[in-house]
Undergrad: 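Quick one: structure below, then a few questions.
The basis for the numbers below is simple: all heavy atoms, side chains too, and nothing from hydrogens, waters or symmetry mates. Note that ligands are numbered from 1 as they come in the structure, with each ligand's atoms numbered from 1 the same way.
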Amino acid sequence: MAAKIGILPIGQVDSAILLMLKEKLVQIFPDTTCVIVDAPLPLPEKAFDKQRGQYRSDVILGKIQAYAAKRKGLRSVLGVVDADIFVPELNFVFGEAACPGKAAVISLWRLKPEFYGDSGDAKLFAVRALKEAVHELGHTLGLKHCQRSSCVMHFSNSIFDTDRKQSLFCDECYLQATLRINNLG
Ligand SMILES: [Zn+2]
Ligand SMILES: [Zn+2]
């Protein structure tokens, strides 16, 4: 039986990125289907830290978790936000996920080339978003960080790590993902 992934926009999110994710995620995760859920959530105001000017990723993830708990038909829910997110121990995060669990979040904010003073590049932006989405959804299946720097499950400390890795799983992580999607792992 196929596992269904839900993409949940939180606040204003570029619909081209959501459509790209919907199309590409099913090519990377075996035996899955994907939907963009029709009722986006607002960015939770209580997640905003005025001092830092950033949103707390754990608070947003909690909202996604609550949503995912109500949507029994979805194996995993990927929240997508276009705002800068952080956890208290770190300056920022590209994303966060329950590992294993049903909820994940990615932020598009620091994936835009413009954030680093580079000129806009829609293709590069899209491929970065895909890598972070696959990575966080991999965590929801229980996949841990992978030592191989080219594997999508490699930890990204900076955008350089993200650019170095592929949007694909290494053979070992792919096998793990397949087993977990089919509840065999
Ligand atoms: Zn990770
Ligand atoms: Zn791997």
Side-chain angles (χ1 to χ4, degrees), residues 3 5-10 13 17-18 20-21 24-32 34 47 54-65 67-68 74-112 115-116 124-185:
I5 296 169
I7 298 173
L8 172 65
I10 301 170
V13 181
I17 284 287
L18 301 173
M20 178 280 296
L21 290 173
K24 301 280 185 186
L25 286 172
V26 295
Q27 298 170 10
I28 293 174
F29 287 89
D31 310 320
T32 51
C34 191
Q54 294 172 299
Y55 288 83
R56 282 195 52 156
S57 118
D58 52 333
V59 175
I60 297 173
L61 191 64
K63 293 274 178 200
I64 301 167
Q65 232 142 15
Y67 175 87
L74 297 175
R75 167 61 188 79
S76 299
V77 177
L78 175 72
V80 181
V81 298
D82 195 358
D84 202 14
I85 61 173
F86 77 104
V87 290
E89 317 81 70
L90 296 171
N91 290 335
F92 75 93
V93 289
F94 289 122
E96 190 181 350
C99 181
K102 282 188 75 174
V105 62
I106 61 165
S107 161
L108 303 177
W109 196 257
R110 290 173 189 254
L111 303 179
K112 293 171 194 163
F115 180 83
Y116 302 93
L124 178 62
F125 176 45
V127 81
R128 284 171 172 174
L130 179 61
K131 288 172 183 180
E132 294 307 324
V134 173
H135 182 98
E136 298 306 337
L137 285 168
H139 281 319
T140 65
L141 296 175
L143 271 69
K144 305 267 165 36
H145 285 149
C146 180
Q147 304 275 5
R148 296 177 184 82
S149 58
S150 62
C151 176
V152 73
M153 290 314 295
H154 194 72
F155 176 64
S156 284
N157 215 356
S158 74
I159 200 67
F160 301 106
D161 301 314
T162 306
D163 285 343
R164 195 168 45 193
K165 68 188 180 186
Q166 300 184 304
S167 53
L168 301 174
F169 296 109
C170 71
D171 289 349
E172 216 167 285
C173 290
Y174 184 79
L175 177 62
Q176 284 299 319
T178 309
L179 292 174
R180 307 276 171 101
I181 285 167
N182 294 294
N183 293 315
L184 300 169

Undergrad: Do the ring centers of His135 and His154 come within less than 6.0 Å of each other?
TA: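 When the ring centroids of His135 and His154 are compared, they turn out to be at least 6.0 Å apart.
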Undergrad: Rounded to 10°, how big is the angle at the Zn ion (ligand 2) from Cys170 SG to Cys173 SG?
TA: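 Reported to 10°, the angle equals 100°.
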Undergrad: Looking only at atom types and distance, does a side-chain atom of Asp161 sit under 3.5 Å from a main-chain N or O of Ser158, one as donor and one as acceptor?
TA: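 Such a contact is found between Asp161 side chain and Ser158 backbone.
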Undergrad: Could you tell me if Arg110 sits above the aromatic ring of Phe92, with its cationic atom closer than 6.0 Å to the ring centre and no more than 45 degrees from the axis?
TA: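 Checked: cation-pi criterion met.
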Undergrad: Of the backbone and side-chain N, O or S atoms of Cys151, does one lie nearer to the Zn ion (ligand 2) than 2.8 Å?
TA: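 Coordinating: yes.
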Undergrad: When you measure from the Zn ion (ligand 1) to the N, O or S atoms of Cys99, does any of those distances fall below 2.8 Å?
TA: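 No N, O or S atom of Cys99 is closer than 2.8 Å to the Zn ion (ligand 1), so no.
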Undergrad: Are any side-chain N or O atoms of Lys102 and backbone N or O atoms of Ala68, one a donor and one an acceptor, separated by less than 3.5 Å?
TA: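 Pair found, side chain donor or acceptor close to backbone of Ala68.
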